[in-house]
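First the structure, in the form of structure tokens, and then the observations on it.
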Amino acid sequence: MFSRLSNSWELVKASARVLAADKELLVFPILSAIASVLVMATFSVPTFLAGIFDAATTGGGVPIVGYVIGFLYYVVQYFVVIYCNSALVGAALIRLRGGDPTVGDGLRIANKHLSAILGYAVISATVGMILRALSGRNNSLGRIVASLIGMAWGLATFLAVPILVNEEVGPIDAIKRSVTYLKKTWGEQVAGNLGIGAVTGLVFFFVIMLMILLIMLAVMAESTALIIGTGAVFAVILVALALVSSALSSIYTAAVYRYAAEGEASGFFDRNLVTQAFRSNS
């Protein structure tokens, strides 16, 4: 366990060194977050007009147009996220190969692969709708099946984005190659937890616990201004942590792809960390 935590922490530090060298990489998760909020706000209007909210609250069936709007929402939302992630990964690959990327470089790479990104977004939206339908059923079996399919999909597509932005292939071939690289890099034994996610998850936990403690103290002090101020500060911290976590994960994905496809691990990452990060201990 302690070895796993140590490796995870080393992965965080290696990814953080890349981010420190190119702090502008944070622009991409920020753009993704802003665009996602705008997409959500935009689709809330047709959703309301289609009567989907009323159908959900009254227990009636969702109209066909509701499913169409829902699917389109998934497609646009996935497109925004994948586009920004593609730009980040593309820029990170430039840095890992010894270059000095800019925000413009990342956007140029993503723009070059718009059709592939859109195709991947449609596939991801379809899978997302299926998983949502399965998990929405009122039985534990459906939720378990959805969780298992979701984990398998996450593993199968782990390297799909760097493949899309670095190789001239479509989304289906990118998924196939992602599975191939997965087997090549880690063999058949794959653990389902990303080390960076585990470490940043712990950081989130401790920050939230500290926030709850300080808010409780503010309540005991009967200071409304202190309560609001404390909540606002921690909200900003949590958002910043989420953005950094997203950037670190994408950087690490780029590093794993580079090793899997090119057999190279840059000076930012230790080769053993990259190859062993997902290997099962069994």
Side-chain angles (χ1 to χ4, degrees), residues 1 3-5 7-8 11-12 32 36 40 56 62 66-67 70-82 85-86 89 116-164 169-202 204-205 242 245-246 248-250 252-257 259-260 273-282:
M1 175 180 176
S3 175
R4 176 75 67 182
L5 289 175
N7 287 343
S8 299
L11 289 172
V12 171
S32 179
S36 295
M40 186 181 301
V62 178
Y67 289 104
F71 180 72
L72 290 176
Y73 167 75
Y74 266 62
V75 170
V76 177
Q77 195 70 279
Y78 273 110
F79 176 81
V80 165
V81 173
I82 295 170
N85 196 25
S86 296
V89 168
I117 292 172
L118 178 58
Y120 186 40
V122 172
I123 295 173
S124 298
T126 302
V127 174
M129 289 284 287
I130 293 173
L131 294 179
R132 184 178 180 87
L134 288 174
S135 61
R137 295 179 178 275
N138 294 322
N139 62 82
S140 57
L141 179 60
R143 288 189 288 271
I144 292 174
V145 171
S147 297
L148 292 175
I149 294 176
M151 289 192 334
W153 175 254
L155 290 172
T157 59
F158 180 70
L159 297 177
V161 168
I163 291 171
L164 281 177
V169 298
I172 295 178
D173 286 334
I175 295 171
K176 291 179 180 178
R177 291 193 186 186
S178 177
V179 174
T180 300
Y181 287 146
L182 184 72
K183 293 179 180 179
K184 175 184 175 182
T185 309
W186 302 300
E188 297 295 334
Q189 300 178 4
V190 181
N193 292 321
L194 177 59
I196 289 177
V199 172
T200 53
L202 286 175
F204 269 105
F205 174 78
S245 175
S246 176
L248 294 180
S249 295
S250 295
Y252 176 64
T253 302
V256 173
Y257 166 75
Y259 175 80
L273 283 176
V274 175
T275 57
Q276 298 293 329
F278 284 85
R279 191 179 297 278
S280 172
N281 289 326
S282 59

ask   = Which atoms form the tightest heavy-atom contact between L134 and A146, and what is the distance?
value = CB-CB, 3.9 Å
task = With sequence neighbours left out, write down each residue that passes side chain to side chain contact (heavy atoms under 4.5 Å, CB included) with V169, or none if nothing qualifies.
result = I163, E167, D173, A174, R177
Nearest atoms (heavy-atom pairs only) where A242 meets F204 = N-CZ, 3.4 Å
ask   = Does the side chain of L248 come within less than 4.5 Å of Y252's, by heavy atoms?
value = no
task = Write down the atom of A156, the atom of S178, and the distance for their closest heavy-atom approach.
result = O-OG, 2.6 Å
query = OG1 of T126 to CG of L131: how many Å apart, nearest 0.5 Å?
reply = 11.0 Å
Show me, pair by pair, the donor-acceptor contacts under 3.5 angstrom made by side chains of residues 72-79, not counting sequence neighbours?
| unit_1 | atom_1 | unit_2 | atom_2 | d |
| --- | --- | --- | --- | --- |
| Y73 | OH | Q77 | NE2 | 2.9 |
| Q77 | OE1 | S36 | OG | 3.1 |
| Q77 | NE2 | S36 | O | 3.4 |

Test item: K176 and I172 side chains (from C-beta on) under 4.5 Å apart, heavy atoms = yes
query = Does S147 have any side chain to side chain contact (heavy atoms under 4.5 Å, CB included) partners at least two apart in sequence or in another chain, and if so, which?
reply = none
message = Quick one: does any side-chain atom of S32 pair with a main-chain N or O of V81 as donor and acceptor, under 3.5 Å?
response = no
query = With a 4.5 Å limit on heavy-atom distance, are the side chains of V161 and Y120 in contact?
reply = yes
key: Exercise: identify the closest heavy-atom pair between I123 and I175   = CG2-CD1, 4.2 Å
